[in-house]
Structure formats: structure tokens, C-alpha cells
Amino acid sequence: QVQLVESGGGLVQPGGSLKLSCAASGIIFSGYTMDWYRQAPGKQRELVASITPSGTTHYEDSLKGRSTIFRDNAANMVYLQINSLKPEDTAVYYCSAYRYGAPGHWGKGTLVTVAS
């Protein structure tokens, strides 16, 4: 019923940019906080950015200054624009949806590989 589908990953050179997308269905999208997480090889999953239903954003240090999270409630979409990509940004990037008092939801992820 609930579906979160990420897209936009791929192979990119250091210094390049990507726009990741997450399409949501099965939820009242405008009522959910939307998050982007990532998990690099051999490391734990970490939060990178979030956006509340009202549009308030939060960025963790890893991508602060290089990324922008934004949402389109009419389209049930959340995006993560990443610039100046570094090899250490290589990870599977996951979309999640959270509403207070209920379990969260996760997508299956999209792989970003930053390499020459």
C-alpha cells in the first residue's frame, strides 16, 4: 500500500551533481516529514536532510552547504539536489516518511557512486 520509490542515482565524477527523487504513494503526503538517509559501504545509515510538512529543513554536517532538500506536495515528491560530489558521498540513498505517533516508511534506495 505505502510506496516510496527513489530514483536519480548513478555514476558521477567528483565535483559533479545529482538530483535524487522520491515518489510517495499510499500516504497523505503533505502530513509527513520527509527525510533522506544514506548508507556508505561498511558504515551505518545516517540522516542527511529532512523537510517538515511546513517546509522547515534540516541538514546534517555531511552535506551541509552542498545539498538542498525540497518537496512538491501536489506531486507527492521529495527531492535532494547534491552538488560538488565527493568520493566519500558514495552510498545508497534512502527516502523515508515519518508522521508523529506512527511507524515510519522506507524506500529501497538508489545507489550513488562518485568516482573517476
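Atoms considered below: every heavy atom in the structure, side chains included; atoms not considered: hydrogens, waters and symmetry mates.
Sorted by first then second residue, the disulfide (SG to SG under 2.5 Å) pairs that include residues 65-116, not counting sequence neighbours, are Cys22-Cys95. Annotation: side-chain hydrogen bond (donor to acceptor under 3.5 Å, both in side chains) contacts involving residues 41-53, sequence neighbours excluded, comprise Arg38-Glu46, Thr52-Ser54. Every pair tested for ring pair (Phe, Tyr, Trp, His ring centres under 6.0 Å) that includes a residue from residues 14-36 fails, sequence neighbours excluded, so the list is empty.
The side chain to side chain contact (heavy atoms under 4.5 Å, CB included) search around Val112 returns Leu18, Leu20, Tyr93, Val114, not counting sequence neighbours. Under the side chain to side chain contact (heavy atoms under 4.5 Å, CB included) criterion, Ser17 pairs with Gln81, Asn83, not counting sequence neighbours. With sequence neighbours left out, Glu88 forms a side chain to side chain contact (heavy atoms under 4.5 Å, CB included) with Lys86. Residues passing the side chain to side chain contact (heavy atoms under 4.5 Å, CB included) test with Ala75 are Asp72, Met77, sequence neighbours excluded. Under the side chain to side chain donor-acceptor pair (under 3.5 Å) criterion, Lys19 pairs with no residue, sequence neighbours left out. Legend: residues meeting side chain to side chain donor-acceptor pair (under 3.5 Å) with Glu60, ordered by chain and number and at least two apart, are His58.
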Let me check something: any side-chain donor-acceptor pairs from residues 98-111 under 3.5 Å, sequence neighbours excluded? List them with distances.
{"unit_1": "Thr110", "atom_1": "OG1", "unit_2": "Gly9", "atom_2": "N", "d": "3.1"}

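In this structure, Tyr59 is a member of the same hydrophobic cluster as Val48, with clusters built from ILVMFWY side-chain heavy atoms closer than 4.5 Å.
Closest non-hydrogen pair, Ser30 versus Pro53, comes out as O-CB, 3.1 Å. Closest approach of Ile51 and Arg71 over heavy atoms only: O-NH1, 3.3 Å. For Ala24 against Leu4, the heavy-atom pair with the smallest separation is CB-CD2, 3.5 Å. When all heavy atoms are compared, the tightest approach of Leu80 to Ala49 is CD1-CB, 4.2 Å.
Put simply, CD on Gln13 and CG on Leu85 are 11.5 Å apart, with the number rounded to the nearest 0.5 Å. Taken from OG in Ser96 to OH in Tyr37, the straight-line distance is 5.0 Å, to the nearest 0.5 Å.
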ask   = Could you walk me through whether Asp89 and Leu63 pass the side-chain contact (heavy atoms from CB on, under 4.5 Å) check?
value = CA-CA 9 Å; Asp89 295 323; Leu63 291 176; 3.6 Å; yes
